[in-house]
Amino acid sequence: MPSQTWSPQPWLADLSQAQQAFKTKYANIDWLEHDREITLSTLFDRAASRIRSATSDTEAKGIFDRLIQRVGDGHVTIDWPRPASPSPAPASPEPSNICDDMGFDANRSTSGIGSHLLGYRQVGEDSPFPAGIIPFGKQNVGVIRIGVFEPEGSPFICHAALQALHIPADKSCDDKCQDAVLTWSYNRFTATLEEQVRALKAAGATALLVDVTDNGGGSEWAEAAARILSSRAILSARRGFVRGSHWSAQWKSLAEQLRRAAAGADPNDRSRLLFWAAEAEAARRDAEQACAGLGACPLVGHAGYATGLVGAARAGEFAGKPWADLVFSITQFPYHDAVWSGPLAVLVDDETWSAAEEFAAVLQDNRAAVIVGSRTGGAGCGHTRGGTPTVLENSGATLELPDCVRFRADGSDEVAGVIPDVLVGMRASDGATFKAKLIQTHLPAAIKLAIEQNSARRP
């Protein structure tokens, strides 16, 4: 039975707090109101009406959950505090494992669809990037799976890092230690992708299909992967940021780091570094405009690219520069351009999210790949430097809103999802064999387009 003393007022206060957070922190508010045609005030007014009619905390939570679902942004979440539970009897603590503590988990990467395609024959050894070839008329289509865009989906890479770095797996690992493990892991991860691509070429692949279905995203390593697989120079998406203290602090820090780097650089580098420092300083001033949520100016400012202040550079262009990743973030990964130079297609579905969407979108926008499958989930850019979480005062729930935007070549927000060039009427909930059957029907058109696209950009 509902409690006679239950009151909607604390929940309405939480709702008002959440609405203010959306007004002042939500990077994709223009997309929500213009593309989705969901007016923020109407969305929250309806939620308030439902809360007034609710009779319990459970109902009120459900209303908040439906509101988040209605927004339809993969990076908008609400996390409820767990109820207190009786303390269990003390147990013998299990020995700590560095890889587990760092979040390495094989469940973060799934097997995808590519291996279910007709005639699939595995190439190479077991790998974070399973690869194979399918015969396809006069073509041999190489298929490579990227299940997640970060090495944390491959615990064995972490264990190899510990062995290579002579770090005992059951000992404590401070921040410096974890940075060393991650660096080694990303280096191995990058090299393994390149090795698999070369193995496919050696096995006779004439076109390449990259399977990023059911891929929840990962890190900015996605930009390095795109360049490994593209014969075309890649320009990253323009970046938007939410005006306010969060991004003001980031731009200020970057400008200071660039000026410090310039002080000890040679004349040519000094000139470039001071130029970039001025760009960062201008972005800081933009971020500090007191207009967020007040209608005086747009909530989102514009500066730089998804990869930093530099959106395009050759692999190794900044090699040996201690400041390289300050301006072009993916220099931290030892990738090579155009390891694959043939026709390229990318397979996506409605469970392709975040960094996986970044990968597909940047290749599509640069006409470097043909996208095939169903429209992606729609998460776009997410949270930088811990994001800007809002803890609701009554319930203690944490509302997470994305603080950045990746703008597509046509100016649209990547959060809308990537629409394939060749659409396949499949759902993520379909079985892998059925999805493969549907894809098989559309693959000839996708490969034909990829061949034409690849031929058109040759000298």
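When side chains are defined from C-beta on, Val212 does not count as touching Leu347, because their heavy atoms never get closer than 4.5 Å. Using a 4.5 Å heavy-atom threshold, the side chains of Leu182 and Glu152 count as touching. At least one side-chain heavy atom of Leu309 sits under 4.5 Å from a side-chain heavy atom of Leu254. Looking at Val346 and Val372, their side chains never come closer than 4.5 Å, going by heavy atoms from C-beta outward. In this structure the side chain of Val143 reaches within 4.5 angstrom of the side chain of Ile134, judged on heavy atoms. Two residues are said to be in side-chain contact when any heavy atoms from C-beta on lie closer than 4.5 Å; Asn394 and Leu12 fail this criterion. With contacts defined as side-chain heavy-atom distances shorter than 4.5 Å, the pair Trp184/Cys158 does not qualify. Between Lys176 and Asp179, the closest side-chain pair of non-hydrogen atoms is not below 4.5 Å.
Within 6.0 Å of the CZ atom in Phe156, the count of heavy atoms belonging to other residues, nucleotides or ligands exceeds 12. Within 6.0 Å of the CD atom in Gln178, the count of heavy atoms belonging to other residues, nucleotides or ligands exceeds 12. No more than 12 heavy atoms of other residues, nucleotides or ligands shown are found within 6.0 angstrom of CG on Asp126.
Judged as a side-chain hydrogen bond (donor to acceptor under 3.5 Å, both in side chains), and not counting sequence neighbours, Tyr120 has no contacts. Taking Arg36 as the reference, nothing meets the side-chain hydrogen bond (donor to acceptor under 3.5 Å, both in side chains) condition, with sequence neighbours excluded. Shown here are the salt bridge (Lys or Arg N to Asp or Glu O under 4.0 Å) partners of Glu400, two or more places apart in sequence or in another chain: there are none.
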Derivation and outcome, side-chain hydrogen bond (donor to acceptor under 3.5 Å, both in side chains), residues Asn215 and Glu351: CA-CA 6 Å; Asn215 182 317; Glu351 288 294 337; over 6 Å; no
Stepwise side-chain hydrogen bond (donor to acceptor under 3.5 Å, both in side chains) check, His246 with Thr384: CA-CA 9 Å; His246 179 70; Thr384 62; 3.1 Å; yes
Verdict with supporting geometry, Lys61 and Ser395, side-chain contact (heavy atoms from CB on, under 4.5 Å): CA-CA 9 Å; Lys61 286 181 180 180; Ser395 63; 5.9 Å; no
Salt bridge (Lys or Arg N to Asp or Glu O under 4.0 Å) assessment of Arg408 paired with Asp365: CA-CA 7 Å; Arg408 302 289 304 274; Asp365 284 350; 2.8 Å; yes
Residue pair Gln257, Ser253: steps toward the side-chain hydrogen bond (donor to acceptor under 3.5 Å, both in side chains) verdict: CA-CA 6 Å; Gln257 291 178 78; Ser253 174; 3.2 Å; yes
Trace of the side-chain hydrogen bond (donor to acceptor under 3.5 Å, both in side chains) decision for Thr110 with Arg145: CA-CA 9 Å; Thr110 58; Arg145 168 67 178 167; 2.9 Å; yes
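Residues Thr190 and Asn187 bring no donor and acceptor atom of their side chains to less than 3.5 Å of each other. For the residue pair Lys25/Thr390, the side-chain donor-acceptor check at 3.5 Å is satisfied. Inspection of the Glu358 and Ser354 side chains reveals no N or O donor paired with an N or O acceptor under 3.5 Å. With no hydrogens or angles considered, no side-chain donor-acceptor pair links Thr307 and Glu223 at under 3.5 Å. Under 3.5 Å, the side chains of Asp403 and Tyr26 contain no donor-acceptor pair of N or O atoms. Checked by atom type, the side-chain pair Asp57/Trp11 shows a donor-acceptor distance below 3.5 Å. Asp73 and Trp31 are not linked by any side-chain donor-acceptor pair at a separation below 3.5 angstrom, with hydrogens and angles left out of the test. In the model, His116 has no side-chain atom that pairs as donor or acceptor with a side-chain atom of Ser111 under 3.5 Å. Trp6 and Thr55 share no side-chain donor-acceptor pair at under 3.5 Å.
Note that CD of Gln453 is 8.0 Å distant from CG of Leu344, once rounded to the nearest 0.5 Å. Atom CZ of Arg375 sits about 4.5 Å away from atom CD1 of Ile419, to the nearest 0.5 Å. Here OG1 of Thr39 is found 9.0 Å from CZ of Arg46. Values are rounded to the nearest 0.5 Å. Going from atom CG of Leu401 over to atom OG1 of Thr77 covers 8.0 Å, rounded to the nearest 0.5 Å. Within the model, atoms CZ of Arg227 and CG of Asn366 stand 8.0 Å from one another, a figure rounded to the nearest 0.5 Å. To the nearest 0.5 Å, atom OG1 of residue Thr331 and atom CG of residue Asp325 are 5.0 Å apart.
Distance alone, capped at 3.5 Å, places no donor-acceptor pair between the Asp35 side chain and the Leu32 backbone.
Under the salt bridge (Lys or Arg N to Asp or Glu O under 4.0 Å) rule, Arg406 has a single partner from Glu357, Glu414, Glu220, which is Glu414.
Here the shortest heavy-atom pairing between Ser230 and Leu363 reads CB-CD2, 3.9 Å. Of all heavy-atom pairs spanning Phe333 and Ala224, the tightest one is CD1-CB, 4.1 Å. Across every non-hydrogen atom of Thr213 and Gly112, the tightest pair is OG1-CA, 3.9 Å. Residues Ala207 and Ile447 come closest through the heavy atom pair CB-CG2, 4.4 Å. Closest heavy-atom contact between Ala436 and Leu117: O-CD2, 3.8 Å.
Between Arg108 and Glu150 there is a salt bridge, since a side-chain N of the basic residue sits under 4.0 Å from a carboxylate O of the acidic one. A salt bridge links Arg284 with Glu281; the closest basic N to acidic carboxylate O contact falls under 4.0 Å.
Between Phe241 and Trp251, the two ring planes are perpendicular [angle over 60°; tilted spans 30° to 60°]. Using cut-offs of 30° and 60° on the angle between ring planes, the pair Phe189 and Phe129 is tilted.
With ring centers used as reference points, Phe22 lies under 6.0 Å from Phe44.
In this structure, Arg238 forms no cation-pi arrangement with Phe407, as its terminal cationic atom is not both closer than 6.0 Å to the ring centre and no more than 45° off the ring axis.
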